[in-house]
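Read through the structure below, which is laid out as structure tokens, and then see the notes.
Below, read A as the first sequence line, B as the second, and so on, with proteins coming before strands; counting in each chain starts at 1. All values derive from a computational prediction rather than experimental measurement.
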Amino acid sequence: MLDPKLYRENPEIVREGLRRRGASFDLDALLGFDAERRALGTELDGLKAERNAASEAIARLKREGGDASAAIEKTRVTGDRIKELQAKHDAVEEKARQLALLCPNLPDASVPDGKSSADNKVAASWGAPDQANSVPDHMEIGKRLKLFDFERGAKISGSGFPIYTGAGARLERALINFFLDTHVTRFGFTEVSPPYLVSRNTMVGTGQLPKFEEDMYRCDGEGGDRARDQFLVPTAEVPVTNMHADEVLDAASLPLSYCAYTACFRREAGSWGADTRGFLRLHQFNKVEMVKFAHPEKSWDELEALRSHAEELLRMLELPYRVLELCAGDMGFGAAKCYDLEVWAPAEKRWLEVSSCSNFLDFQARRANIRFKEAGKTRLLHTLNGSGLATPRVLVALLETHWTGNGVRIPAALRPWMGGLEEIVAA
RNA sequence: GGAAGGGUGGCCGAGUGGUUUAAGGCAUCAGUCUCGAAAACUGAAGUACUGGCAACGGUACCGUGAGUUCAAAUCUCACCUCUUCCGCCA
């Protein structure tokens, strides 16, 4: 959520940010509800002050043994009026809140202009993408080495749910552990292993709801005696960021740096047909996520740190990559600035997104009510997160990049998690 | 699944309808003392919304939501959640 003071006092700043994003949001409606709520609130406060004074007078009268029945009767009328106005006020307030939850974050001034992914800026790159060599694609390699089984995955669950088999299953597990262990031992993160099902309120805290409900898997608890309303996590960002919802952290403890592995579940509604081949777009996939809770004055440095950690993992895996600075029109709902990391897939002959590192400023902190205390003052903190990394497309690039002709070479950095294995070859 | 007991400020914890303006403690901040720190002492200080240039006001908030009442942390109902015990179970 945006700071209400910002759109109330400087609506033109908000309008300009929304325009850069290409977002269609009815700011005037929000301003209208906001003004109406304040007017009702002021009237209500006056009536309540009146009632409080009257109640006090009644108490005094009764203590002194007088007859308060006339005063009580008079105050009853005020009470009825309050009840009526309160209902009106609450309805308007709820409308304003529901609308405010649909408003995206504003792009930071440093974010490049642009409407779509075509306008993103290449900020950095590493390695030499192999553009000429023709290698078998990851599906072919997987078939030859028996690394995964899409048909049987589809049989038991539907499309987009692969089964990893044999060396493929071990390679997947090795990547996850390599990512986690590297974050913990080299980058100083604290590992957490969160639940995969979270409440509706938690999904609102990080911004997945209310706007993107159709992309989420929902478990509504039908048939159970307790009607749960829970969602499968689309990313570990959701449970980990909300761990500290409604808390006031000590300034000295910041930044808090967590990493977490979870499976991620996405319906990918509306994206049928695009990138659906093989591992490029799945309904369930594995990802290690980095999440930071930062002091507002340090969050931009933390964003660069997140990005550098994700880059380091790709270098260790010897995968050529590039870093994109996303344009205003291509950023996610809650981000104020976002870097995407893309690896080169030689057989696909294209860049594949494997990480997204974002600074949300106080956008999520305001929704989830995550604050910190410094010199006696309580303030909202800043949240950030970045993938480190999502495995499916890393796996694609790894298989295609390190194909030797009859097997896949395991990069030296990953070998400790593969029991020292140097190459996966056909059984 | 059954039974019982809890949920109060950053944290702990008192509080059974109107002197609660939520006691007390811890932690925090400022000051005194000190070369400096610690300790001790003195003082300040909840959060949100709202009115006001400001000084300073108003309102709400004791797990959540409804209800009773002139008046609710306190009484009633529902729900959420935690703890303990029993049952079942990887």
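- Here the side chain of R38(A) is nearest to one of G51(B), C70(B), G10(B), namely G51(B).
- If you check U50(B), A60(B), C70(B) against the side chain of T42(A), the one that comes closest is U50(B).
- Spacing between atom CD1 of I82(A) and atom P of G58(B) amounts to 16 Å, rounded to whole angstrom units.
- Rounded to a whole angstrom, the distance from the P atom of C11(B) to that of G46(B) is 15 Å.
- Comparing C70(B), G51(B), U47(B) by their nearest atom to the side chain of T378(A) picks out U47(B).
- The separation of A78(B) from C29(B), taken at their P atoms, amounts to 46 Å, rounded to a whole angstrom.
- Comparing the same atom, P, in G10(B) and in A71(B) gives a spacing of 29 Å after rounding to whole Å.
- The P atoms of G18(B) and C75(B) are separated by 11 Å, rounded to the nearest whole Å.
- Summarising the base pairing, G17(B) is matched to no nucleotide, lacking a Watson-Crick or G-U wobble pair whose two defining distances lie under 3.5 Å.
- Taking the P atom of each, A14(B) and G25(B) are spaced 15 Å apart, rounded to whole Å.
- Which of A71(B), U59(B), A48(B) sits closest to the side chain of R371(A) comes down to A48(B).
- Ring pair H382(A)/F360(A): centre-to-centre distance not below 6.0 Å.
- Look at the C1' atom in both C26(B) and U34(B): the space between them is 25 Å, to the nearest Å.
- The side chain of N52(A) sits closest to A60(B) out of C70(B), G10(B), A60(B).
- Set against U50(B), U59(B), C70(B), the side chain of D45(A) has U59(B) as its closest nucleotide.
- Mapping V248(A) and A53(A) onto RNA chain B by nearest heavy atom places V248(A) at the nucleotide closer to the 5' end.
- Residues A71(A) and E50(A) each lie close to RNA chain B; by heavy-atom proximity, the contact nearer the 5' end of the strand is made by E50(A).
- In this structure, the ring of F285(A) has its center no less than 6.0 angstrom from the ring center of F265(A).
- Atom P of C77(B) sits at a distance of 15 Å from the matching atom of G6(B), rounded to the whole Å.
- Nucleotide C11(B) holds its P atom 14 Å from the NE2 atom of H244(A), rounded to whole Å.
- At whole-Å resolution of the value, CD in E374(A) and P in G46(B) are 18 Å apart.
- Between F363(A) and F333(A) there is a side-chain heavy-atom pair separated by less than 4.5 Å.
- In a base pair of the Watson-Crick type (N1 to N3 plus N6-O4 or O6-N4) or a G-U wobble (N1-O2 and O6-N3), with each distance short of 3.5 Å, C61(B) is matched with G46(B).
- Contact annotation: R8(A) reaches the phosphate of U50(B) (side-chain N/O to OP1 or OP2, under 4.0 Å).
- S253(A) places a side-chain N or O within donor-acceptor distance of the main-chain N or O of D250(A), the cut-off being under 3.5 Å.
- Remark: aromatic rings of F231(A) and Y196(A) are distant, center separation not under 6.0 Å.
- Ranking U50(B), C70(B), G10(B) by closeness to the R37(A) side chain, first place goes to U50(B).
- Remark: side-chain polar atoms of S387(A) are not paired, donor with acceptor, to backbone N or O of A390(A) under 3.5 angstrom.
- A23(B) and U8(B) have their C1' atoms separated by 12 Å, given to the nearest Å.
- For N369(A) and G10(B), the CG to P distance is 10 Å, given to the nearest whole Å.
- As the counterpart of G7(B), C80(B) is assigned, both hydrogen-bonding distances of the Watson-Crick or G-U wobble pattern falling under 3.5 Å.
- Taking the centre of each ring, F150(A) and F161(A) stay at or above the 6.0 Å mark.
- Of the nucleotides present, none pairs with A73(B) by Watson-Crick or G-U wobble criteria with both distances under 3.5 Å.
- Atoms CG (L380(A)) and P (U47(B)) sit 13 Å apart, rounded to a whole Å.
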Close N/O contacts between protein and nucleotides 61-69 of chain B (under 3.5 Å):
none

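- Ranking G18(B), U59(B), A48(B) by closeness to the K62(A) side chain, first place goes to G18(B).
- Summarising the base pairing, C41(B) is matched to G31(B) through a Watson-Crick or G-U wobble pair whose two defining distances lie under 3.5 Å.
- The partner of G51(B) is C56(B), judged by Watson-Crick or G-U wobble contacts that both fall below 3.5 Å.
- The six-membered or imidazole ring of F189(A) lies away from that of Y258(A), with a centre-to-centre distance of 6.0 Å or more.
- Remark: C85(B) base-pairs with G2(B); criterion is Watson-Crick or G-U wobble with both hydrogen-bond distances under 3.5 Å.
- Looking only at distances, a side-chain donor or acceptor of R266(A) sits under 3.5 Å from a matching main-chain atom of P234(A).
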